[in-house]
Amino acid sequence: DTGVSQDPRHKITKRGQNVTFRCDPISEHNRLYWYRQTLGQGPEFLTYFQNEAQLEKSRLLSDRFSAERPKGSFSTLEIQRTEQGDSAMYLCASSQRTSGGVADTQYFGPGTRLTVL
Amino acid sequence: AQRVTQPEKLLSVFKGAPVELKCNYSYSGSPELFWYVQYSRQRLQLLLRHISRESIKGFTADLNKGETSFHLKKPFAQEEDSAMYYCALRGMDTGRRALTFGSGTRLQVQP
């Protein structure tokens, strides 16, 4: 499977614990995105990387959240001191930069479902 | 600020009936609109975008800037069209890459 992969697919943790998710984008894609989706809602943007540079961050990304893409390939999203409100599906997407200002197609991964008890 | 509204959480039609999934947006600049689809147990995927002006799987969508709408239409629904559909927006004039999604509409096509 050459699509976007995410690990783990499911994570159950206790409130106050730290969790880390990994995203592996499609190999030639230089752009990587994180979104969060709660029940009954569409995905909400969290952050965006072009290569290793984090170029956009949503106000949803509180101080407890941090994302990295150290070598411009895979990315990690860490949530510190998890809260019950962090329970959601965390989606990763990747795309390849195009010219002309037209939005490139974002390809989504299967997501990591986080449950905070 | 950007906002996408999908007023219907569920749309149920019979096979062969026309389908229209509504999407309204709020954005003061130049928008780029998309429809994404999620079939059961599959990942979210792009269905179509307004710039391409193409028909995918029989679906079309026209950007109406006057009504700030981007409704998704298909003249004859098929059972395999049953899925979750999300409308999304990006501000072309901002340089930002983030997509703003609506809350989605579940389409059920009954036999």
Side-chain angles (χ1 to χ4, degrees), chain A residues 1-6 9 23-26 29-51 53-61 67 88-113, chain B residues 1-10 21-25 27 29-54 56 63 70 72 83-106:
Chain A
D1 185 359
T2 56
V4 178
S5 61
Q6 294 186 244
R9 296 291 304 277
C23 171
D24 286 273
I26 294 171
H29 286 184
N30 58 359
R31 290 177 166 165
L32 187 146
Y33 313 77
W34 285 99
Y35 291 84
R36 181 176 71 182
Q37 186 173 21
T38 53
L39 200 60
Q41 299 300 316
E44 296 173 292
F45 172 76
L46 293 177
T47 191
Y48 152 65
F49 291 85
Q50 180 160 305
N51 299 312
Q54 189 174 20
L55 298 184
E56 290 180 38
K57 288 174 65 173
S58 163
R59 283 173 290 181
L60 291 175
L61 214 65
M89 178 75 86
Y90 289 84
L91 296 169
C92 177
S94 71
S95 69
Q96 178 66 15
R97 182 173 182 267
T98 58
S99 60
V102 175
D104 31 304
T105 299
Q106 294 184 25
Y107 294 85
F108 282 81
T112 294
R113 183 169 295 283
Chain B
Q2 302 174 355
R3 175 170 285 188
V4 176
T5 302
Q6 294 180 251
E8 303 142 327
K9 285 210 171 295
L10 173 66
L21 298 167
K22 290 184 167 48
C23 171
N24 289 91
Y25 67 90
Y27 182 62
S30 182
E32 187 171 8
L33 275 295
F34 307 81
W35 277 99
Y36 277 79
V37 61
Q38 188 167 25
Y39 301 103
S40 179
R41 297 188 182 86
Q42 294 188 26
R43 58 189 68 188
L44 197 61
Q45 59 186 284
L46 179 67
L47 180 62
L48 54 79
R49 59 176 70 191
H50 90 269
I51 280 181
S52 301
R53 301 185 65 82
E54 56 192 346
I56 304 293
L63 178 59
F70 188 58
L72 184 68
M84 197 74 189
Y85 291 80
Y86 295 95
C87 182
L89 175 152
R90 184 183 83 95
M92 290 181 68
D93 46 349
T94 63
R96 297 181 64 238
R97 317 308 310 179
L99 294 175
T100 299
F101 285 85
S103 56
T105 298
R106 181 169 297 283

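Below, each value reflects all heavy atoms present in this structure, side chains not excepted, and no hydrogens, waters or symmetry copies. In what follows, every chain begins at residue 1, and chains take the letters A, B, ... in the order their sequences are listed.
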- With a 4.5 Å limit on heavy-atom distance, are the side chains of B/Arg90 and B/Arg97 in contact? yes
- Query: Side chain, backbone, both or neither: which part of B/Leu46 has an atom under 4.5 Å from a heavy atom of chain A?
  - Reply: side chain
- Taking atom types as modelled and ignoring hydrogens, do the side chains of A/Ser95 and A/Tyr33 form a donor-acceptor contact shorter than 3.5 angstrom? yes
- Note on the structure: The reported gap from CG in B/Asn24 to CG in B/Leu89 (rounded to nearest 0.5 angstrom) is 11.5 Å
- Which answer fits A/Glu56, side chain, backbone, both or neither, if we ask what part of it has an atom under 4.5 Å from a heavy atom of chain B? side chain
- Message: Assess, by modelled atom type and distance only, whether the side chains of A/Tyr35 and A/Gln106 contain a donor and an acceptor separated by less than 3.5 Å.
- Response: yes
- Item | Engaged part of A/Tyr107 at the chain B interface, taking heavy atoms whose separation is under 4.5 Å | neither
- Message: At a heavy-atom distance under 4.5 Å, which candidate from A/Gly40, A/Ala93, A/Gly109 has the highest pair count against chain B?
- Response: A/Gly109
